[in-house]
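A short write-up of the structure that comes next.
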Amino acid sequence: MGRFYITTPIYYVNDVPHIGHAYTTTAADVAARYHRQLGDDVFFLTGTDEHGTKVEQAAVARGLTPKEHADEMVVKFKEVARKVGASNDFFIRTTDPEHEKYVQEFVQRCYDAGDIYKSSYSGLYCPACEAYYTDENLVDGLCPDHGTPPVRMEEENYFFRLSAFQERLSDLYRGNPEFVRPRHRYNEALSFIDQGLDDISISRATLKWGISVPWDPSQVIYVWVDALINYLSALTYAADEDLIPRFWPASYHLMAQDILKFHGIIWPALLMSAGYELPDHLFIHGYLKLGGEKMSKTRGNVMDPFPLIERYGADPFRFYCLREVSFGQDGMVSEEGFKARYNSELANELGNLLSRTASMIGKYRGGAVPAPPPGYADPPECDHAHPGSPLAVEATDVCAAVRTQLEEMDLSAALETIWVFVRRLNRYVEERAPWKLAKAAEAETAAAAAAAEFAQPGGSAGGRRLGESCSLAMTARPSMKAWSMDKAVKAAKAASEAAGIEEGGSANAALDATLWDLAEGLRLLSVLLYPFMPQTSALIRERLGLGAPAAVDSGLPSWDEAVWGLMPCGLSVGGGAPLFPRIEE
RNA sequence: GGCGGCGUAGCUCAGUCGGUCAGAGCAGCGGAAUCAUAAUCCGCGUGUCAGAGGUUCGAGUCCUCUCGCCGCUACCA
């Protein structure tokens, strides 16, 4: 059993949540759910960053205290997590007293290690950026980002000796090419390190809204240092026990590119200074760009994800974000794109696959998953041709590929692999044409009945095969019963031929096998799809008779079930509302 | 300015070690089928793989340069 600790950044409460927050949280959730399926010990953390000048100002502007402001904003961010269906184990707020206490301890350790010193700094400061600028950086004397005049500031600050970690950071990167992924982000961070690192200011004297420096209460710890430490502090009070020994170091810190430097350089250095192990990986995902719309000029090309989630549910939203853009790269999203994918892939391909399968099992087999012929359901032993189901080898490959891709955090690639299988199943329906098999099976049963009636009037048909009925028919003497048997047999032969049943094969067996294949394919999809669309996974399983939707989180399908051949027969497959009703507009 | 990325079919994009790599999906057109949410399946692409040079028996795939976007970073005259 492995251990898996994944984090999102803590989101800054100076502004309302947007699609980017939802995206990061969703991606982290997929990884967390996958690892729970593996049976790993999982901890998934998200939360909010609530200190700093901007929050203070936003609060003042609204006539509230910073804490009152934060308390209100936090509700919205918690709502994002809830709406996208995040299964986070804890939600940290940097205003939690436990966090504040832990940050002070942490910073004290760095101070004791001699990595923090006091120095004065003078320069032009942009309050909006919370950053100093040199004259050259200013555009016409104004802040390049905000266009506002900077103010001359001089203050005594505490500095973190980042420069002292240059060598060790460089070694860290060169020794772990996978430390930051994808690779181009790794290159970015490394080249930044190689350019030389300056010490950084980690406190402010002018700011009041923050955690005070333990040995100097006149100063407050600068927002990013406070924020980064959340990944550790949360573990100390999220549960009754101290979870640090159990979950640290983090497996993945997930984030967008804007905060790479904080996580890729400052954070490892802080950890080194305080004597902690470093996280295994940082994963930098891309930006979701809203645009490409020609029609929404008036609305400013803004796509608000929340109405979409309200209307269609969390799963389609999760699916869309991770399917549409290659994970780790920027991509364009739009409401049009959402609807297009929803209709073609969720409604038409996946939803309809379930509908048609359930319907056919209902019509042809009374709603019970039929038993495949003996040996048919066996998982393939190796790459050789499998004597049983024609889908077995392919399905096995799909499971293996999805596993590898999820392991690598290639979330969009995993979805692509899954979708190849969804399409395969629809093609399979066409190839086998169960409706033809059903006709042949019916005729076969009738022929068997007629043969039985001929051989033993009043007796039972007893599952006689068409071949047996045929030979009986040929040796029969002309009689009324023989004539009717002959007719039934001829009809059965014709139907079998139309359905592509080979000589001597049984239409009933072929139909059973095909319907079982489809049920099994869907069962497998419920396992593979679970991390991405947990609700959908549960609904599919419910329709297949495998479990109730109430068990969506407690009864998650284990990855052990990602093996071909486990679909039990006899389960009752019900009708039901479409999984994804088409969006008609 | 330096470093990095991107530029492939109308649209969104895959293309791992240079040799069926010129692809997928969507949209469009034609056909088949009828189990299904009129869903599905099959067939149909003359794309200078941004441009120019080079290496090679052979290059979207490597090298150089140019153009256009983007990211990171730095900042002379």
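Letters A, B, ... mirror the listed sequences (proteins, then strands); counts begin at 1.
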OP1 or OP2 of B:rA33 under 4.0 Å from side-chain N/O of A:Lys436: no
Integer-rounded Å distance: B:rC72 P and A:Leu260 CG: 10 Å
Whichever of A:Gln257 and A:Glu345 has its nearest RNA chain B nucleotide further upstream toward 5': A:Glu345
For residues 309-317 of chain A, run the donor-acceptor check on the side chains, cut-off 3.5 Å, and write out each pair with its distance to 0.1 Å, sequence neighbours left out.
residue, atom, partner, partner atom, Å
A:Glu310, OE2, A:Lys83, NZ, 3.0
A:Asp315, OD2, A:Gln535, N, 3.1
A:Asp315, OD2, A:Thr536, N, 2.6
A:Asp315, OD2, A:Thr536, OG1, 2.7

Near-ring test A:Phe179/A:Tyr186, centroid separation under 6.0 angstrom: no
Sequence-aligned protein contact record of nucleotides 37-45 of chain B, with B where the base is within under 4.0 Å of a protein heavy atom and S where only the sugar-phosphate is: B-SBSS---
Interatomic distance at C1', B:rG60 relative to B:rC49, whole Å: 5 Å
Between B:rC63 and B:rC17 - P atom distance, rounded Å: 12 Å
Rounded C1' spacing from B:rA14 to B:rG23 in Å: 7 Å
C1' atoms of B:rG30 and B:rU55, separation to the nearest Å: 47 Å
Contacts of A:Arg168 that satisfy side chain to side chain donor-acceptor pair (under 3.5 Å) - sequence neighbours left out: none
Electrostatic pair A:Arg432:A:Asp517 at N-O distance under 4.0 angstrom: no
Shortest non-hydrogen separation from A:Pro531 to A:Pro534 and the atoms involved: O-CD, 4.2 Å
Residues A:Arg181 and A:Tyr252: side-chain donor-acceptor under 3.5 angstrom: yes
Listed pairs, N/O of protein and of nucleotides 2-4 of chain B, under 3.5 Å:
none

Partners meeting salt bridge (Lys or Arg N to Asp or Glu O under 4.0 Å) with A:Glu430 (sequence neighbours left out): A:Arg356
Residue whose nearest RNA chain B nucleotide is more 5′ - A:Arg185 or A:Tyr364: A:Tyr364
Nucleotide B:rC72, atom C1' - distance to CD1 of A:Ile259 in whole Å: 15 Å
Separation between the C1' atoms of B:rG68 and B:rU8, rounded to whole Å: 16 Å
Spacing of the P atoms in B:rG54 and B:rC11 (rounded, Å): 31 Å
Salt bridge (Lys or Arg N to Asp or Glu O under 4.0 Å) partners for A:Asp330, two or more places apart: A:Lys289
Geometric cation-pi criterion, A:Arg318 with A:Phe532: 6.0 Å, 45°: no
Residues A:Arg185, A:Glu188: salt bridge by 4.0 Å N-O rule: yes
Spacing of A:Glu408 atom CD relative to B:rU16 atom C1', expressed in whole Å: 12 Å
Set of side chain to side chain donor-acceptor pair (under 3.5 Å) partners for A:His18, sequence neighbours left out: none
Minimum side-chain heavy-atom gap A:Trp419-A:Leu350 below 4.5 Å: yes
Distance, rounded to the nearest Å, where A:Met255 contributes CE and B:rG71 contributes P: 19 Å
For B:rG60, glycosidic torsion class - syn if within 90° of 0, otherwise anti: syn
Residues which pass salt bridge (Lys or Arg N to Asp or Glu O under 4.0 Å) with A:Arg543, listed by chain and number, not counting sequence neighbours: none
Contiguous pairing runs of three or more, Watson-Crick or G-U under 3.5 Å, that involve RNA chain B: B:1-7 with B:67-73, B:10-13 with B:23-26, B:28-32 with B:40-44, B:50-54 with B:62-66
Interatomic distance at P, B:rU16 relative to B:rC21, whole Å: 12 Å
Length of the line joining A:Asp198:CG and B:rU73:P, which is rounded to integer Å: 13 Å
All side-chain contact (heavy atoms from CB on, under 4.5 Å) counterparts of A:Ser163, not counting sequence neighbours: A:Arg161, A:Asp199
Euclidean distance for C1', B:rA9 against B:rA27 (whole angstrom): 12 Å
Write down the protein N/O and nucleotide N/O pairs, taken from nucleotides 10-15 of chain B, whose separation is under 3.5 Å; answer none if there are no such pairs.
residue, atom, partner, partner atom, Å
B:rA14, OP1, A:Gln329, OE1, 2.6

Atom pair distance, as rounded to whole Å: CZ in A:Phe262 and P in B:rU73: 10 Å
Test side chain to side chain donor-acceptor pair (under 3.5 Å) applied to A:Ser170 - qualifying residues, sequence neighbours left out: A:Arg174
